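Every chain is numbered from 1, with letters handed out A, B, ... down the list of sequences. These figures come from a predicted structure and were not determined experimentally.
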Number of protein chains: 2
Amino acid sequence: MGHRITVKQIADELGVSMMTVSRALNDSPNIEAKTREKVLATAKKMGYIQNHIARSLVQRKTNTIGVVVPEITHSFFPEVIRGVEEVTYANNYQLILTHSAENAKREINAIDTLASKRVDGILISTAESAKSSKKYKQIMEMGMYIVFFDRCVHNIGASCVRIEDEKSSYKITEHLISYGYTKIAHLSGPTSVSIGQTRLNGFKKALKKNNIDLNKKYIVESGFHEDGGYSAMKKILDLPKKEWPRAIVAVNDPAAFGAMKAILEVGLKVPEDIAIVGFSDDIRSELMPAPLTTMRQPAYQIGKKAAEKLIKHIQNKDEIVEDIIIDSELIIRKSCGIYK
Amino acid sequence: MGHRITVKQIADELGVSMMTVSRALNDSPNIEAKTREKVLATAKKMGYIQNHIARSLVQRKTNTIGVVVPEITHSFFPEVIRGVEEVTYANNYQLILTHSAENAKREINAIDTLASKRVDGILISTAESAKSSKKYKQIMEMGMYIVFFDRCVHNIGASCVRIEDEKSSYKITEHLISYGYTKIAHLSGPTSVSIGQTRLNGFKKALKKNNIDLNKKYIVESGFHEDGGYSAMKKILDLPKKEWPRAIVAVNDPAAFGAMKAILEVGLKVPEDIAIVGFSDDIRSELMPAPLTTMRQPAYQIGKKAAEKLIKHIQNKDEIVEDIIIDSELIIRKSCGIYK
DNA sequence: TATATAAATGTTAACGTTAACATGAATTTA
DNA sequence: TAAATTCATGTTAACGTTAACATTTATATA
């Protein structure tokens with residue numbers, strides 16, 4: 001290993017104690033301005049870079065937070081990370097990013113990684129295949145804080161930053177209904193994930209409110225990805241032609257993209273033959289051949305709020321646990337059937 | 001802080017020494033199978049999670065690598081990170097992500113953060129405003145390895161994973177020329193960044209080879225982002241109408257998107273009035289109103305190779321420093337003027 | 001000027017782990 | 001059966017830093 005300067009070396013160089021060097025480096029009080037400057041100058045000259053490992057060990061605090069995202073390539077998440085990053089940067093926290101690839105086992109692995117690095121807190125959006133909340137609880141018992149975002153776990157004492165999924169889903173479904181559609185299918189997420197359940201609920205409630213009977217064949221689990229949306233839509237198109245739905249509510253935009261592909265493949269048109277709406281306002285949504293009507297989730301905002309809340313929890317034991325709701329926005333484009 | 005189990009507590013519980021526990025936990029040799037199992041079972045029961053901080057301190061090795069990306073929301077980078085992540089996960093390395101926001105100062109800050117966490121190596125794609133290579137050198141002198149990707153710094157003893165930017169730029173420019181265009185402008189990156197310089201070089205060489213005079217007004221610095229592309233294109237369109245170029249080579253896709261916006265705003269059409277090509281094959285490129293002709297950079301591959309090379313450097317002092325070239329691919333779409 | 005007070009600096013121990021060496025028990029070899 | 005070897009386990013010290021307490025020096029107060 002190359003030359004790594006330590007506090008001791010600086011101290012020896014100047015003939016002072018290690019504590020004096022430490023104090024100067026950390027802007028502590030009770031040190032003469034002249035001494036501080038001398039130390040700082042020498043540290044810089046010698047190319048000193050603080051060893052956070054050692055510092056964290058003795059302070060039992062890392063000034064670091066971890067993030068677990070299910071899929072870094074979905075435009076929603078980088079945008080969230082951007083928001084998180086802005087807050088951590090401003091508050092002098094460091095950030096460790098991990099990735100579950102929508103896989104429960106990898107999510108647990110990621111959380112263990114973060115825990116073993118003794119981060120002060122973790123931001124999580126749960127993986128598609130996540131089933132148990134045991135790991136989250138274990139982490140919290142260790143004294144680490146968790147704030148969920150978008151895909152939350154409730155009633156385990158962690159805060160959560162999200163949009164009103166059920167209402168939003170209700171609203172976008174009603175929007176379709178307002179055009180006269182009654183044969184409406186839902187491509188759902190797994191109900192073990194919060195947004196899978198809540199968006200399904202909103203969908204069902206909208207039908208009920210408008211006296212539309214629920215056709216069980218019209219609820220197909222697609223998961224959150226494009227390929228899942230594609231195969232779920234295929235399954236629907238396997239129904240006899242006269243049973244085909246006239247409109248689709250997809251659990252999110254990527255699933256909607258996959259469904260659109262399946263629809264186009266059988267020679268049907270969006271929205272003329274089948275209308276479709278999504279959720280999240282992916283970066284690609286407005287660029288689609290049939291621009292996608294969707295519920296915008298302000299990703300940057302969500303990241304920012306989640307990071308802020310987490311830091312508050314870390315810095316104040318008594319910070320209240322709460323659901324923080326961010327406004328969503330219905331973005332009407334062409335895919336839902338009307339275009340001005 | 002909540003209850004945090006230590007090796008000592010496990011040792012006391014079982015009436016053995018800390019080393020025995022440590023050996024069991026780390027799968028070391030010279031420990032009875034029965035003892036190991038007993039320790040493992042107790043550790044699990046007590047909810048032990050290894051303290052990587054303490055371990056890293058004594059081992060002077062963190063099994064962690066850092067990544068510095070300039071802009072996490074550009075689709076190229078998440079895809080790279082995905083590749084990196086796959087490799088680190090498979091090799092049991094942990095990953096710390098940082099973000100420079102294209103800003104030299106923040107890049108230095110990010111590197112210092114990683115250095116203070118004593119990562120074993122760093123993957124960097126340099127920021128748009130990066131000027132000096134001093135910090136990279138300092139880090140390498142500390143014994144940390146650097147592997148650059150996409151935007152590289154040469155001749156400082158670090159490996160680099162990239163496409164052949166100059167040749168690729170040459171090729172895509174010639175592709176435009178093959179359609180008969182001669183009035184071709186270039187929206188360039190800053191020449192202080194490798195790809196800014198090399199892509200400009202390729203552009204120039206293609207003109208020269210085809211006996212097209214270089215018009216200095218046709219080279220405008222746009223940077224790597226959409227808004228930069230937009231304002232650079234505006235500047236070009238401020239020229240007298242008869243001086244307008246008929247085709248544009250943008251340094252990357254986001255810059256091309258910005259330029260397209262500017263072109264459409266003044267009522268011109270792509271590619272009929274002005275043809276345009278980009279670089280990277282952004283996720284949005286094929287969805288654009290005029291699908292963008294571009295040079296595809298296999299982002300996932302780049303991430304994978306870069307991570308693999310870095311881990312090789314870390315594990316083998318004598319690993320050779322090299323430029324690793326990944327094949328790029330010309331993707332011909334509509335924006336360059338011909339569409340089949 | 002002696003004393004009280006404040007400011008600057010130093011010393012010791014601890015954070016949680018593992019490397020390196022030391023010991024003791026069990027097994028093999030001559 | 002004694003000596004040599006192997007295997008399992010234990011002890012000590014170290015990684016680089018800072019918290020907590022201790023000491024010295026400078027400054028303010030009576």
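Taking atom CG of residue A:Leu25 and atom P of nucleotide D:dG16, one finds them 15 Å apart after rounding to whole Å. As a whole-Å value, the separation of A:Arg4 CZ from D:dG16 P is 9 Å. As a whole-Å value, the separation of B:Leu57 CG from C:dG16 P is 12 Å. D:dT18 atom P lies 12 Å from atom CG of A:Asn63, rounded to whole Å. Here the C1' atom of nucleotide D:dG16 and the NZ atom of B:Lys61 are 19 Å apart, to the nearest Å. The distance from atom CD of A:Gln59 to atom C1' of D:dA20 is 14 Å, rounded to the nearest whole Å. With rounding to whole Å, A:Ile53 atom CD1 is found 14 Å from C:dT18 atom P. Between the CG atom of B:Asp12 and the P atom of C:dG16 there is a distance of 13 Å, rounded to whole Å.
In the region residues 27-44 of chain B, proximity to DNA chain D at under 4.0 angstrom, judged on heavy atoms, holds for B:Asn30, B:Ile31, B:Glu32, B:Thr35.
Distances shorter than 4.0 Å separate some side-chain N or O of A:Arg55 from OP1 or OP2 on D:dT18. Contact check, B:Tyr48 against C:dT17: a side-chain N or O comes under 4.0 Å of OP1 or OP2. Using a 4.0 Å cut-off, some side-chain N or O of A:Gln50 falls inside it from OP1 or OP2 of D:dT18. Look at A:Ser22 and you won't find any side-chain N or O under 4.0 angstrom from OP1 or OP2 of D:dT17. Using a 4.0 Å cut-off, no side-chain N or O of B:Asn51 falls inside it from OP1 or OP2 of C:dC15. OP1 or OP2 of D:dG16 has at least one side-chain nitrogen or oxygen of B:Arg60 nearer than 4.0 Å.
Between B:Glu128 and B:Glu71, every side-chain heavy-atom pair lies at or beyond the 4.5 Å cut-off. Taking the side chain as every heavy atom from C-beta outward, B:His52 and B:Gln94 approach each other to under 4.5 Å. Using a 4.5 Å heavy-atom threshold, the side chains of B:Ile65 and B:Ile96 count as separate.
Counting only N and O atoms by type, the side chains of B:Tyr136 and B:Glu107 include a donor and acceptor under 3.5 Å apart. Side chains of A:Asn63 and A:Arg55: no donor on one and acceptor on the other come within 3.5 Å. Side chains of B:Ser17 and B:Thr20: a donor-acceptor N/O pair is present below 3.5 angstrom, by distance only.
Residue pairs meeting the salt bridge (Lys or Arg N to Asp or Glu O under 4.0 Å) criterion with at least one partner in residues 16-27 of chain B, sequence neighbours excluded, are B:Asp27-B:Arg36. Listed by first and then second residue, the side chain to side chain donor-acceptor pair (under 3.5 Å) pairs that reach into residues 304-313 of chain B are B:Ser159-B:His313, B:Lys309-B:Glu319, B:Lys309-B:Glu322, sequence neighbours excluded.
An end-to-end axis angle of 40° holds for the helix from C:dT1-D:dA30 to C:dA30-D:dT1, taken from five base pairs per end and rounded to 10°.
Rounding to the nearest 0.5 Å places CD of B:Glu102 at 8.0 Å from NE2 of B:His99. The OG1 atom of A:Thr73 sits 15.5 Å away from atom CZ of B:Phe77, with the distance rounded to the nearest 0.5 Å.
Ion pairing between a basic and an acidic side chain is recognised when a charged N comes within 4.0 Å of a carboxylate O; A:Glu85 and B:Arg106 show such pairing.
With a 6.0 Å cutoff to the six-membered ring centre and a 45° limit on the axis angle, B:Arg151 counts as a cation-pi contact of B:Phe224. The cationic group of B:Arg4 does not satisfy the cation-pi geometry with B:Tyr48, failing either the under 6.0 Å distance to the six-membered ring centre or the 45° limit from the ring axis.
The side-chain hydrogen bond (donor to acceptor under 3.5 Å, both in side chains) test with A:Lys117 singles out one residue from B:Thr64, B:Asn51, B:Thr62, and that residue is B:Thr64.
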Show each protein N/O and nucleotides 24-29 of chain C N/O combination with a separation under 3.5 Å, one pair to a line.
none

Protein-nucleic acid N or O pairs under 3.5 Å, nucleotides 10-14 of chain C:
from	atom 1	to	atom 2	distance (Å)
C:dG10	OP2	A:Ser17	N	2.8
C:dG10	OP2	A:Ser17	OG	3.0
C:dG10	OP2	A:Thr20	OG1	2.7
C:dG10	N7	A:Arg23	NH2	2.8
C:dG10	O6	A:Arg23	NH2	3.4

